[in-house]
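What follows is a set of notes on a single structure, which appears directly below.
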Protein chains: 2
Amino acid sequence: MADVAEIADVSMITVSRALRTPERVAPETRLRVEAAMAQVGYVPDLVAASLASRRSRVVAVVVPTIGSSIFSDTIEGMSDLLHGRGYQLIIGAGSYDKEGSESVITTLLGRRPDGLILTGSRHAKRARRMIEDARIPVVEMWELPPKPIDSAVGFSNRAAVRAIAAGLVEAGYRNVAFIGPSEGDARATQRRQGYADAMVRNGRTPIFIETPRPPSQMEHGAAAVARAAREHPEIDAACFTSDVLAIGALFQCQRLGWKVPGRFAIAGFGDFEIAAAATPALTTVSVPRYKIGEEAARLILGRIDGEIPAGQAVDLGFEVIWREST
Amino acid sequence: MADVAEIADVSMITVSRALRTPERVAPETRLRVEAAMAQVGYVPDLVAASLASRRSRVVAVVVPTIGSSIFSDTIEGMSDLLHGRGYQLIIGAGSYDKEGSESVITTLLGRRPDGLILTGSRHAKRARRMIEDARIPVVEMWELPPKPIDSAVGFSNRAAVRAIAAGLVEAGYRNVAFIGPSEGDARATQRRQGYADAMVRNGRTPIFIETPRPPSQMEHGAAAVARAAREHPEIDAACFTSDVLAIGALFQCQRLGWKVPGRFAIAGFGDFEIAAAATPALTTVSVPRYKIGEEAARLILGRIDGEIPAGQAVDLGFEVIWREST
DNA sequence: GCCGGCGGGACACCGCTATTC
DNA sequence: CGAATAGCGGTGTCCCGCCGG
């Protein structure tokens with residue numbers, strides 16, 4: 001920066017301002033500075049800038065896993081919006097169990113992010129204390145927590161599955177099962193409750209078939225159908241916690257020669273690309289994966305800039321999409 | 001840190017050492033310091049540490065897109081290894097066209113990463129200059145560039161498709177087409193060349209069916225098959241540049257009532273989860289998505305620590321997996 | 001009493017920006 | 001609009017004091 005200043009024949013402070021508040025520098029001066037920056041190939045040191053200004057222009061996000069497309073879509077939404085506003089993302093992969101595990105949070109907070117986005121609302125006690133001590137805006141996403149730390153964006157996983165399960169009953173299916181993991185993911189648990197709600201309301205007995213803990217794989221879905229065939233031949237429809245499981249189940253039905261629907265109706269969750277593309281196309285719950293990311297980013301920026309008060313909870317809703325598989 | 005030092009009755013420098021080089025601090029002192037850190041909930045400021053030490057323990061990575069599972073698997077591989085070694089990842093999403101576009105690189109380098117991982121080897125001229133000026137280790141991945149900037153890890157996209165296309169010819173298919181985007185992705189272009197290689201060697205005329213530019217979607221694959229049915233009814237097999245296209249095509253064949261294989265054999269690329277799960281299971285090229293990330297991380301750390309010399313190029317290879325769809 | 005090694009301390013400075021003028 | 005001063009929160013470097021041999 002000193003080099004740039006000398007070439008442009010101004011002081012370092014002016015170079016700094018040409019970068020951060022260009023409207024406060026005379027146009028002619030600014031041009032000289034910009035030319036000098038281009039000449040020496042100056043790349044401003046954001047680390048030093050962060051330290052001096054106490055603003056890092058970094059947002060930290062914790063997700064259960066980066067690999068699965070659920071969260072990579074959400075991250076893309078955040079990233080698209082954040083980059084446009086000059087922010088960068090640092091990502092921590094918490095395990096599915098102890099959401100936002102402690103060490104992940106510590107390292108993330110060590111980078112002094114201006115805001116923190118968390119998946120879910122079940123945080124370890126010590127983690128929660130560190131988060132509060134950090135005194136930065138927080139957004140919890142993918143659920144609507146009863147008592148949010150700060151802001152939240154998501155939808156009701158429970159209501160979503162309640163709706164699709166109720167729809168299955170109304171459509172005349174007699175024995176509707178629920179297929180998904182029983183632990184390891186708070187949102188999957190909420191979905192299970194939604195299913196139970198619908199069964200109880202209709203005076204049915206819930207039938208649960210468990211799959212291994214997340215991340216769910218197609219073969220888990222296939223295996224679950226195989227088990228259903230042996231142990232619960234009366235089942236004629238099922239709600240899955242994920243399209244991934246549902247698609248695995250669909251292929252398994254093809255292998256068994258089961259008609260979908262007819263012998264076995266399938267309802268997924270997520271509305272991934274494959275749901276619409278499959279034959280038969282998959283009935284599922286469409287959830288705003290990308291939009292959750294965008295909205296989380298919008299919220300966190302608003303909180304950082306003080307334009308949005310704490311305590312906002314945004315319900316982005318869901319939509320049950322009836323297709324051919326039910 | 002000053003607080004911690006006072007409580008532990010040592011100087012700040014000792015606190016710093018207890019964190020960074022604990023073996024150089026007397027065990028008893030170290031315990032006092034650690035207790036003090038726990039007591040006040042001290043979270044070290046990595047920004048200040050980076051500035052002072054000129055080591056950020058950050059690795060920057062540029063990928064065409066975060067959303068697609070190709071790269072999110074790779075990122076997961078990098079992330080898993082890097083976090084274990086105390087490094088953090090910052091991700092930039094370059095557009096597919098101008099890989100590693102300039103502004104992305106600038107912001108990333110502004111964070112003063114200790115290393116840089118790039119997808120592909122086609123970089124804009126100005127970007128390349130900035131990368132060289134940064135004087136940090138670089139790893140290019142997902143290809144084996146003829147003239148790498150520093151290190152590289154990947155496999156030959158061209159050889160991979162050459163192999164699967166040749167296999168199709170050997171298997172007796174008379175009119176093997178290539179279906180994929182014609183531009184927008186250097187690796188897709190290399191795959192196209194591999195197909196052309198195989199056709200030329202066998203004295204066949206290449207048949208290309210183009211799909212929209214990446215990221216590829218299932219419906220692009222479905223549309224391509226629909227077009228093939230009209231314009232090239234002689235085609236009895238096709239190589240796709242991606243399993244995503246191939247699966248879309250598979251579903252389209254089911255809709256058309258085409259037997260797969262028989263009327264239309266399908267070969268994908270990537271060996272995604274769905275390839276093995278589909279009915280019929282998909283013949284495809286298995287590529288080490290996760291391992292590329294791991295290896296890129298291993299290389300970059302080795303280069304940072306000076307344990308690995310510049311110029312290493314690691315070929316992770318590929319494997320053609322023959323399943324039921326061909 | 002001198003030497004080498006180890007634990008711990010002081011000072012300057014990393015590159016940039018808030019503040020005041 | 002531009003300049004000077006004073007840090008932001010740590011760590012490299014050099015140094016000292018202490019110990020046993």
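A, B, ... follow the sequence lines: proteins, then strands. Residue 1 opens every chain.
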Worksheet item: Is the phosphate of C/dC16, meaning OP1 or OP2, less than 4.0 Å from a side-chain N or O of A/Ser53?
Response: no
Discussion item. Between B/Leu301 and B/Leu81, is there a side-chain heavy-atom distance shorter than 4.5 Å?
Written reply: yes
Discussion item. To the nearest 0.5 Å, what is the distance between CD1 on B/Ile304 and CG on B/Asp114?
Written reply: 5.0 Å
Discussion item. Between C1' on C/dT17 and CG on A/Leu51, what's the gap in Å once rounded to a whole number?
Written reply: 10 Å
Discussion item. Whole angstroms only, please: what is the CD1-P distance between B/Ile13 and C/dC11?
Written reply: 12 Å
Discussion item. Please tell me if A/Tyr42 has a side-chain N or O lying less than 4.0 Å from either OP1 or OP2 of C/dC16.
Written reply: yes
Worksheet item: How many angstroms lie between CG in B/Leu116 and CD1 in B/Ile105, if you round to the nearest 0.5 Å?
Response: 5.5 Å
Worksheet item: Below 4.5 Å, heavy atoms only, C-beta onward: do B/Val10 and B/Arg17 meet side chain to side chain?
Response: no
Worksheet item: How far does CD1 of A/Ile91 sit from CD1 of B/Ile66, to the nearest 0.5 angstrom?
Response: 6.0 Å
Response to the item:
When B/Arg112 and B/Val10 are each assigned the nearest nucleotide of DNA chain C, the 5'-most assignment goes to B/Val10
Got a list of side-chain donor-acceptor pairs under 3.5 Å for residues 132-139 of chain B, not counting sequence neighbours?
from	atom 1	to	atom 2	distance (Å)
B/Glu132	OE2	B/Arg128	NE	3.3
B/Asp133	OD2	B/Arg129	NE	3.4

Worksheet item: Heavy-atom contacts under 4.0 Å between residues 15-34 of chain A and DNA chain C, which residues?
Response: A/Ser16, A/Arg20
Worksheet entry | chain A footprint on DNA chain D, 5' to 3' - any atom under 4.0 Å from a heavy atom | D/dC1 to D/dG9
Fill in: For atom CG of B/Leu109 and atom C1' of C/dG15, their distance in whole Å
16 Å
Worksheet item: Is it true that the side chains of B/Glu76 and A/Thr65 contain a donor and an acceptor less than 3.5 Å apart?
Response: yes
Discussion item. Report for the helix from C/dC2-D/dG21 to C/dC21-D/dG2: angle between first-end and last-end helix axes, five pairs each, rounded to 10 degrees.
Written reply: 30°
Below 3.5 Å, can you tabulate the donor-acceptor pairs from side chains in residues 20-34 of chain A to any protein atom, sequence neighbours excluded?
from	atom 1	to	atom 2	distance (Å)
A/Glu28	OE2	A/Arg32	NH1	3.4
A/Arg30	NH1	A/Pro22	O	3.0
A/Arg32	NE	A/Ala8	O	2.9
A/Arg32	NH2	A/Ala8	O	3.1

Practice prompt. Please examine the side chains of B/Leu316 and B/Glu295, heavy atoms only from C-beta on, and report whether any two atoms are closer than 4.5 Å.
Written response: yes
Discussion item. From CE of A/Met12 over to P of C/dT19, roughly how many Å is that when rounded to an integer?
Written reply: 18 Å
Item to complete: Could I get the full list of ring pair (Phe, Tyr, Trp, His ring centres under 6.0 Å) partners for B/Tyr87, not counting sequence neighbours?
Response: none
Worksheet item: Quick one: does B/Leu19's side chain get under 4.5 Å of B/Met37's, heavy atoms only?
Response: yes
